[in-house]
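One is the number of the first residue; the rest follow in order along the sequence.
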Amino acid sequence: MAFSAVTKRSRSIGAILFNARLFPNSTCRSRRFTSETSSSSSSASNQTNLIKQLRERTSAPIKDVKAALMESNWDIEAAQTELRKRGKVLASKKSARTATEGLLALALSHTHTHNRAALIELNCETDFVARNDIFQHLALSLAKQALLVESGTQAQLGFGAGGFHVGPENLEELKLNLEHPKISGETTVHNAITEVAAMMGENVKLRRGFVMSTSSNGVLSTYLHTSPQPGLGRIAGILTLEVEDGNSQLDALQRVGSELAMHIVAAKPLFLTKELVSSDTLESEREILKSQAETSGKPQMAIEKMVEGRLRKYFEDVVLMEQKFVMNDTINVKTLLNNLSKEVGSPVKIGNFFRMEVGEGIQRLEESTASEPVAQAV
């Protein structure tokens, strides 16, 4: 038995020596394989971290982030530059696509000489992008910039000295200072919008703006409906209340002003007074009402009375001063202001008002064969 055990050990040792002579590098190769596996695992982990970092920096889709890093030999700075170049090209291609979603942004300024509000509409293609904090930061920054715009054509635009429209052409070349972790620094309005469009992968468009102001004696009131955060919303109402006595009760003016701003959002007035309804609009409405009344088959005198009655109803629908107050429909806005004047001891009137809603005036013309919706402004 002792001889058998020795024989087995000898065979085992011999086999090891034989294998060592036959495969002299087998041990080294095993160690090298383990080292290479560890290195590969480390490299994959580093690449994953780079993808995560670049994604956080740019908010670009992961597929685009990975492709940019691979093409840049995993140089994150070069990949970020490449993504920005690609994004701007894609943004220009997307600029013709319909953008009916988005947000309104409001900025306010109060000084010892006047109160001012600026409202802008920033559009995108989907509600998902409208909820993005980068998009929202851009909208608020644009509203603040609109506060600085001056216009010499207010009276020509039909808003008197207290309000005027601001178009993209008034803002695009102005400097804008962004302070968001993912998009910061000084740039132009146009470049900022292009940059955000590239990051979001959608058409982003500054559609319009409006600026309203009043003297220090007046009150400027605003209301934003469906507001995701202060200064943002989907529908806005703005108005100014003017009072002859600058020492009138400010609290009462602000209370009623806020209620009227909400009323404007809910009731959608088109005109301040009956006298401001254009003759063309009035004549067109009268013709429509007359055609409707004639279908009744009643005598001409009865038809004329029907038209006048329906015309009064039309004024109640579209003229702010004639509308029933949404918070107390037993009175109209005219009566509300008369009561306010008595309360503050001085005549109060509405100087100006404006209502804006995201996407209003844009009609989607979609065909089943069309790959992209088409927008028509009306």
For residues [X] and [Y], report the shortest heavy-atom separation together with the two atoms involved.
{"X": "A118", "Y": "A143", "result": "CB-O, 3.6 Å"}
{"X": "L108", "Y": "A117", "result": "CD2-CB, 3.5 Å"}
{"X": "S213", "Y": "L220", "result": "CA-CD1, 4.0 Å"}
{"X": "A266", "Y": "V326", "result": "CB-CG1, 4.2 Å"}
{"X": "I350", "Y": "M321", "result": "CD1-SD, 4.2 Å"}
{"X": "L174", "Y": "N170", "result": "CD1-O, 3.5 Å"}

Quick one: does any side-chain atom of [X] pair with a main-chain N or O of [Y] as donor and acceptor, under 3.5 Å?
{"X": "S184", "Y": "P181", "result": "no"}
{"X": "S341", "Y": "V348", "result": "yes"}
{"X": "T240", "Y": "N352", "result": "yes"}
{"X": "E121", "Y": "G359", "result": "yes"}
{"X": "S72", "Y": "W74", "result": "no"}
{"X": "Q145", "Y": "L171", "result": "no"}
{"X": "E179", "Y": "G185", "result": "no"}
{"X": "E125", "Y": "N203", "result": "yes"}
{"X": "N132", "Y": "I134", "result": "yes"}
{"X": "S284", "Y": "T281", "result": "no"}

Look at the rings of F210 and H165 and say which category their plane angle falls in: under 30° parallel, 30 to 60° tilted, over 60° perpendicular.
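Judged by the thresholds at 30° and 60°, the geometry between F210 and H165 is perpendicular.
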
[X], [Y]: one ILVMFWY side-chain cluster at the under-4.5 Å cut-off?
{"X": "L178", "Y": "L122", "result": "yes"}
{"X": "M327", "Y": "L320", "result": "yes"}
{"X": "L147", "Y": "V219", "result": "no"}
{"X": "M262", "Y": "L336", "result": "yes"}
{"X": "L148", "Y": "F164", "result": "no"}

Find the distance between [atom1] ([X]) and [atom2] ([Y]) and round it off to the nearest 0.5 Å.
{"X": "I193", "Y": "F135", "atom1": "CD1", "atom2": "CZ", "result": "9.5 Å"}
{"X": "L119", "Y": "L142", "atom1": "CG", "atom2": "CG", "result": "12.0 Å"}
{"X": "T226", "Y": "L103", "atom1": "OG1", "atom2": "CG", "result": "10.0 Å"}
{"X": "L311", "Y": "I288", "atom1": "CG", "atom2": "CD1", "result": "11.0 Å"}
{"X": "I120", "Y": "L104", "atom1": "CD1", "atom2": "CG", "result": "7.5 Å"}
{"X": "E71", "Y": "K66", "atom1": "CD", "atom2": "NZ", "result": "13.0 Å"}

Does anything in residues 279-292 pair up under salt bridge (charged side-chain N to carboxylate O under 4.0 Å, His left out), and if so which pairs, sequence neighbours excluded?
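Residue pairs with at least one partner in residues 279-292: R286-E308.
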
Going by the ring-ring contact (aromatic ring centres under 6.0 Å, His included) test, which pairs reach into residues 232-257, not counting sequence neighbours?
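Of all non-adjacent pairs touching residues 232-257, none passes ring-ring contact (aromatic ring centres under 6.0 Å, His included).
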
Considering only residues two or more places apart or on different chains, which pairs with a residue in residues 269-307 satisfy ring-ring contact (aromatic ring centres under 6.0 Å, His included)?
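Of all non-adjacent pairs touching residues 269-307, none passes ring-ring contact (aromatic ring centres under 6.0 Å, His included).
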
In sequence, state the C-alpha distance, the side-chain angles, and the governing distance for D251 and R255, and then conclude on salt bridge (charged side-chain N to carboxylate O under 4.0 Å, His left out).
CA-CA 6 Å; D251 289 346; R255 184 193 75 246; over 6 Å; no

Please assess L260 against L337 for the test side chain to side chain contact (heavy atoms under 4.5 Å, CB included), listing each intermediate value before the final yes or no.
CA-CA 10 Å; L260 282 172; L337 289 178; 4.2 Å; yes

Would you please name every residue forming a side chain to side chain contact (heavy atoms under 4.5 Å, CB included) with R355, sequence neighbours left out?
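Scan of R355 (side chain to side chain contact (heavy atoms under 4.5 Å, CB included), adjacent residues dropped) gives I235, I264, K268, E357, E360.
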
Tell me whether H114 at atom NE2 has more than 12 heavy atoms from other residues, nucleotides or ligands lying less than 6.0 Å away.
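More than 12 within 6.0 Å, yes.
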
Which is it for Q292 and R310 under the side chain to side chain contact (heavy atoms under 4.5 Å, CB included) test, yes or no, and what are the steps along the way?
CA-CA 10 Å; Q292 292 173 346; R310 291 177 182 180; 3.7 Å; yes

Dump the intermediate steps for side chain to side chain contact (heavy atoms under 4.5 Å, CB included) on V211 and F354, then the final yes or no.
CA-CA 10 Å; V211 175; F354 189 73; over 6 Å; no

Do N191 and T188 have side-chain N/O donor and acceptor atoms under 3.5 Å apart?
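Result is yes, a qualifying pair exists.
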
Determine whether C124 and M200 satisfy the following criterion, side chain to side chain contact (heavy atoms under 4.5 Å, CB included), listing intermediate values before the conclusion.
CA-CA 9 Å; C124 55; M200 299 296 104; over 6 Å; no

Considering only residues two or more places apart or on different chains, which pairs with a residue in residues 320-338 satisfy side chain to side chain donor-acceptor pair (under 3.5 Å)?
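Output for this query lists H263-Q323, E322-K334, N328-T330, N332-T335.
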
With respect to E101, which candidate in R234, K205, R131, R207 satisfies the salt bridge (Lys or Arg N to Asp or Glu O under 4.0 Å) definition?
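With E101 as partner, R234, K205, R131, R207 yield a single salt bridge (Lys or Arg N to Asp or Glu O under 4.0 Å), made by R234.
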
Just to verify, what does T126 make a side-chain hydrogen bond (donor to acceptor under 3.5 Å, both in side chains) with, not counting sequence neighbours?
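Per chain and number, T126 pairs via side-chain hydrogen bond (donor to acceptor under 3.5 Å, both in side chains) with E202.
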
